[in-house]
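Structure first, commentary second.
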Amino acid sequence: MAKMEIYSSFDEKMQVFDQVNITNKDQLDQIISEYKKEQSKYGLVFRGCTEAKYKLYNSAQRKWLNIEIQNLGSTYYDFITLEIQNARNWQNRLLEKFFSAFGQPAFDLSILSFLQHYGAPTPLLDWTYSFENSLFFATDGLKYADSNNSIDNFCSIYIIDTRWHELMDLLKFLQNTLSQIDDIISKYPKVDAENELNKLQQLNYFSLHQLKLAQIPGYRRNGFAFSLRNRPSFNLIYNQQNLNIINQKGLFIFNSSEDKPLEYFFKGQNTPVENSPYYLPKIKCLNIHKSLYEYIQYFLTDSRRRRFPINKEFIYPQEEMIANKAFQHFLNFDFL
């Protein structure tokens, strides 16, 4: 079994991230105040991690590297596509029936989202539009270290500005591509565009894999709808269909690399990435000392500050929990 790479020190991590270390309450309060204002613009997205030393690998990369899946004779692309296919075919194509109940086909992208939130390895990395939610993720399951290495005593929050032009938004890319096809059809009405339209309409993994790196927006009321002026029969609606991503205010960042963590593509200072078109700024990283854990928990759950505390029940809602709580609230005469 191969060992996953980590950062051995803050000096090493500083070469990769634009980082700030937070060691006391005053510093944390200032950061909270700053990013609560910024998040309302929905330009910044956040990822919390319980260990500052971890690199930004997605779960598919961790499986691929840790248990050396390549020894099975498949490529990384095969690994993901076969996982999607297996999920779609399981128990007489149950997932397809589940998605059709919501009036949506079982897109490859929808299946990946489902797999991600139920623990299967995928090339998606979870992010959130909410700084407060990222504080929860940074401290959920946090363990204090018996270590003299400073980096072991910190958790981290990572920040990306989704307005960076080079970071592709998958759905905007889809809309732009459809607009180009629409223009072509308008000029050349007899052109045969059905093959390309079918690929786009299926939201298949092959198209995502070709992009190499992309952000995939989260849930939106009524979903994301796409149409064509010159092909009225074309209809595509996409949305996230799981409970977790709604309260989490979540989104995904896709990374097709089998062995390069996300930060590899964010070099900063207009530095090109080898064999890649990306010139992305460095990811900002807030390293937060673990001694602030209790203070963060109080901030997230104080009933005087918020109606719904940000805890496991809020972040990870389960169908059984909703049913049980509905009955319990009735017995307690607690009508929400």
Side-chain angles (χ1 to χ4, degrees), residues 41-43 45 77 80-90 92-117 122-124 127 129 162-246 249-254 256 277:
K41 300 176 184 177
Y42 286 90
V45 297
Y77 175 77
I80 304 301
T81 54
L82 288 172
E83 185 179 32
I84 294 170
Q85 180 180 323
N86 289 338
R88 176 178 279 110
N89 292 337
W90 189 80
N92 195 26
R93 305 177 83 84
L94 178 62
L95 266 186
E96 284 192 348
K97 297 171 185 176
F98 171 75
F99 282 112
S100 68
F102 294 95
Q104 180 178 310
F107 303 123
D108 284 2
L109 186 54
S110 300
I111 291 177
L112 274 179
S113 172
F114 179 91
L115 294 175
Q116 173 73 0
H117 279 284
T122 79
L124 307 177
W127 292 72
Y129 296 106
T162 59
R163 294 166 293 189
W164 293 337
H165 176 71
E166 293 86 353
L167 182 58
M168 181 71 67
D169 180 316
L170 175 65
L171 300 185
K172 287 182 180 178
F173 170 81
L174 178 61
Q175 183 61 68
N176 291 338
T177 303
L178 288 171
S179 295
Q180 292 172 16
I181 293 176
D182 219 359
D183 290 341
I184 292 172
I185 295 174
S186 179
K187 293 179 181 177
Y188 309 100
K190 295 183 179 180
V191 69
D192 184 4
E194 298 309 313
N195 187 44
E196 289 304 313
L197 289 177
N198 285 338
K199 290 179 183 178
L200 294 171
Q201 200 166 18
Q202 293 168 10
L203 289 178
N204 58 47
Y205 179 68
F206 176 76
S207 300
L208 180 60
H209 183 75
Q210 287 185 310
L211 292 179
K212 306 298 183 185
L213 193 71
Q215 55 173 305
I216 303 172
Y219 167 84
R220 186 169 78 176
R221 188 184 296 272
N222 299 322
F224 300 83
F226 303 88
S227 61
L228 288 171
R229 299 187 310 276
N230 296 288
R231 285 290 191 276
S233 61
F234 182 91
N235 181 47
L236 172 59
I237 297 176
Y238 173 76
N239 210 350
Q240 299 280 1
Q241 267 124 6
N242 66 67
L243 292 171
N244 288 357
I245 204 167
I246 298 174
K249 297 183 180 177
L251 71 154
F252 302 123
I253 294 184
F254 167 75
S256 70

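Heavy-atom basis, side chains included; hydrogens, waters and symmetry copies ignored. Numbers for residues simply follow the sequence, beginning at 1.
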So how far is it from [X] [atom1] to [Y] [atom2], rounded to the nearest 0.5 Å?
X	Y	atom1	atom2	result
Phe114	Leu109	CZ	CG	14.5 Å
Trp127	Ile253	CH2	CD1	5.0 Å
Phe234	Ile185	CZ	CD1	9.5 Å
Glu196	Ile181	CD	CD1	6.0 Å
Ser100	Leu95	OG	CG	10.5 Å
Ser113	Asn244	OG	CG	9.5 Å

Which pair of heavy atoms, one from [X] and one from [Y], lies closest together, and at what distance?
X	Y	value
Phe224	Gly218	CE1-O, 3.3 Å
Leu208	Ala214	CD1-CB, 4.5 Å
Tyr238	Ser110	CE1-OG, 3.6 Å
Tyr205	Thr81	CD2-CG2, 3.5 Å
His209	Phe254	CA-CZ, 3.9 Å
Phe173	Met168	CB-SD, 3.4 Å

Could you tell me if the side chain of [Y] sits less than 4.5 Å from the side chain of [X], heavy atoms only?
X	Y	answer
Thr122	Ile80	no
Leu213	Leu167	yes
Asp183	Arg229	yes
Ile111	Leu115	yes
Ile216	Leu112	no
Leu236	Phe107	yes
Leu251	Gln240	no
Leu170	Phe252	no

Counting distance only, does the side-chain N/O of [X] pair as donor-acceptor with the main-chain N or O of [Y] below 3.5 Å?
X	Y	result
Asn176	Lys172	yes
Asp182	Asn230	yes
Asn235	Ile237	no
Gln215	Thr162	yes
Lys97	Asn92	yes
Ser179	Gln175	yes
Asn239	Arg220	yes

- Do Asp169 and Arg163 sit within salt-bridge range, that is, some charged N less than 4.0 Å from a carboxylate O? no
- Assess whether side chain to side chain donor-acceptor pair (under 3.5 Å) is satisfied between Asn204 and Ser207, documenting all intermediate values. CA-CA 6 Å; Asn204 58 47; Ser207 300; 3.0 Å; yes
- Message: Would you say that more than 12 heavy atoms from the other residues, nucleotides or ligands in this model lie under 6.0 Å from the OH of Tyr77, or not?
- Response: yes
- Item | Residues Asp108, Phe206; criterion side chain to side chain contact (heavy atoms under 4.5 Å, CB included); working and verdict | CA-CA 9 Å; Asp108 284 2; Phe206 176 76; over 6 Å; no
